[in-house]
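For reference, the structure is listed below as structure tokens.
Atoms considered below: every heavy atom in the structure, side chains included; atoms not considered: hydrogens, waters and symmetry mates. Not measured: the values here are computed from a predicted model.
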Amino acid sequence: MRFRDRADAGRRLAAVLLPYRGSEVRVLGLARGGLRVAYEVARALEVPLDVWVSRRLSIPGRVLTMGAVSEGGGQYLLSDALRLAPLPRSEVDSLIREEASVVEEQARRLRGHPLSGLGGRTVVLVDDGVLTGATAAAALRALRRFHPARLVMGTPVASPQGLAVLRAEADTVACVQTEPGLRTVAEVYDDFRAFPDVELRSLVERSREPPWRSQEVVEAADSGGTWM
């Protein structure tokens, strides 16, 4: 299965997540591309949308993901990557501090205010795809500190390895399709363009303008997908 773009992927994912429609649900989209997918999910569930920021940690000099850092102090390190390119713990800690600073600044720029009202609610975190699972896992660890009633991870596509990481961090994982040979998330999208800050902020602002025309979203979405 291929997706035309993130809007198409979001509508397909929304069909899988429809059981969560309700007032005690919040949808968060991982910046950047995950927010566009999450916009369609929030429309279908008729609930508020906001942005969450998490960034990959790369091993210097190598195209290899070491882990990820999330706003709110969440972090996730991939043990396999650290074995392949061992670094002194002091260097790892320095990289984490640098990325954490970038993440918090981006969160302030995109959202402009701290998140609230997540405690006791079902929180649905959405990304546009999962390869290693590190970025989403770091975000899930940070969001767990808000004490949600249930923490759900939603993604249109994921590798089996990425899903294994997420299952250990989320209460439920919803995925439209699993791709065993996935090398990059972009390869399953016809249009995988980047989103500028102004467009991301616009998505969040538009999500606060009810009513949602959710019926149109549901009719356009496939009913496939899996719960994990």
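Legend: residues meeting side chain to side chain contact (heavy atoms under 4.5 Å, CB included) with A107, ordered by chain and number and at least two apart, are V53, E71, R111. Residues that satisfy the side chain to side chain contact (heavy atoms under 4.5 Å, CB included) test with A138, not counting sequence neighbours, are S54, A68, S70, Y76. Applying the ring pair (Phe, Tyr, Trp, His ring centres under 6.0 Å) criterion to F192, with sequence neighbours excluded, gives Y189. Evaluation of the side chain to side chain contact (heavy atoms under 4.5 Å, CB included) rule for E98 yields S94, L95 as partners, not counting sequence neighbours. Remark: E105 engages R109 in a salt bridge (charged side-chain N to carboxylate O under 4.0 Å, His left out) (not counting sequence neighbours). With sequence neighbours left out, the side chain to side chain contact (heavy atoms under 4.5 Å, CB included) criterion links T184 to A186, E187. Q106 is linked by a side-chain hydrogen bond (donor to acceptor under 3.5 Å, both in side chains) to nothing, counting only residues two or more places apart in sequence or in another chain. A search for salt bridge (charged side-chain N to carboxylate O under 4.0 Å, His left out) contacts involving E179 returns nothing, not counting sequence neighbours.
The line from CG of L143 to CD of E169 is 11.5 Å long, rounded to the nearest 0.5 Å.
At a threshold of 4.0 Å, the pair R97-D93 does not count as salt-bridged, since none of the basic side-chain nitrogens sits closer than that to a carboxylate oxygen. Salt-bridge annotation for R2 and D190: present, with a side-chain N of the basic residue lying under 4.0 Å from a carboxylate O of the acidic one.
For residues 115-142, the set of pairs meeting the ring pair (Phe, Tyr, Trp, His ring centres under 6.0 Å) definition, not counting sequence neighbours, is empty. Here salt bridge (Lys or Arg N to Asp or Glu O under 4.0 Å) pairs that include residues 145-164, with residues two or more places apart or in two chains, number zero. Judged as a salt bridge (Lys or Arg N to Asp or Glu O under 4.0 Å), the pairs with a partner in residues 127-140 (not counting sequence neighbours) are, in order, R6-D128.
When every heavy atom of T178 is checked against every heavy atom of S159, the shortest pair comes out as CG2-C, 4.3 Å.
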Exercise for review: Start with the C-alpha gap between R56 and T135, add the side-chain angles, then the distance that decides, and say whether side chain to side chain donor-acceptor pair (under 3.5 Å) holds.
Suggested key: CA-CA 6 Å; R56 283 191 313 149; T135 304; 5.6 Å; no

Which atom pairs, one a donor and one an acceptor, fall under 3.5 Å between side chains of residues 28-37 and the rest of the protein, sequence neighbours left out?
from : atom 1 : to   : atom 2 : distance (Å)
R32  : NH1    : F195 : O      : 3.0
R32  : NH1    : D197 : OD1    : 2.7
R32  : NH2    : D197 : OD1    : 2.8
R36  : NH1    : E40  : OE2    : 2.9
R36  : NH2    : E40  : OE2    : 3.2

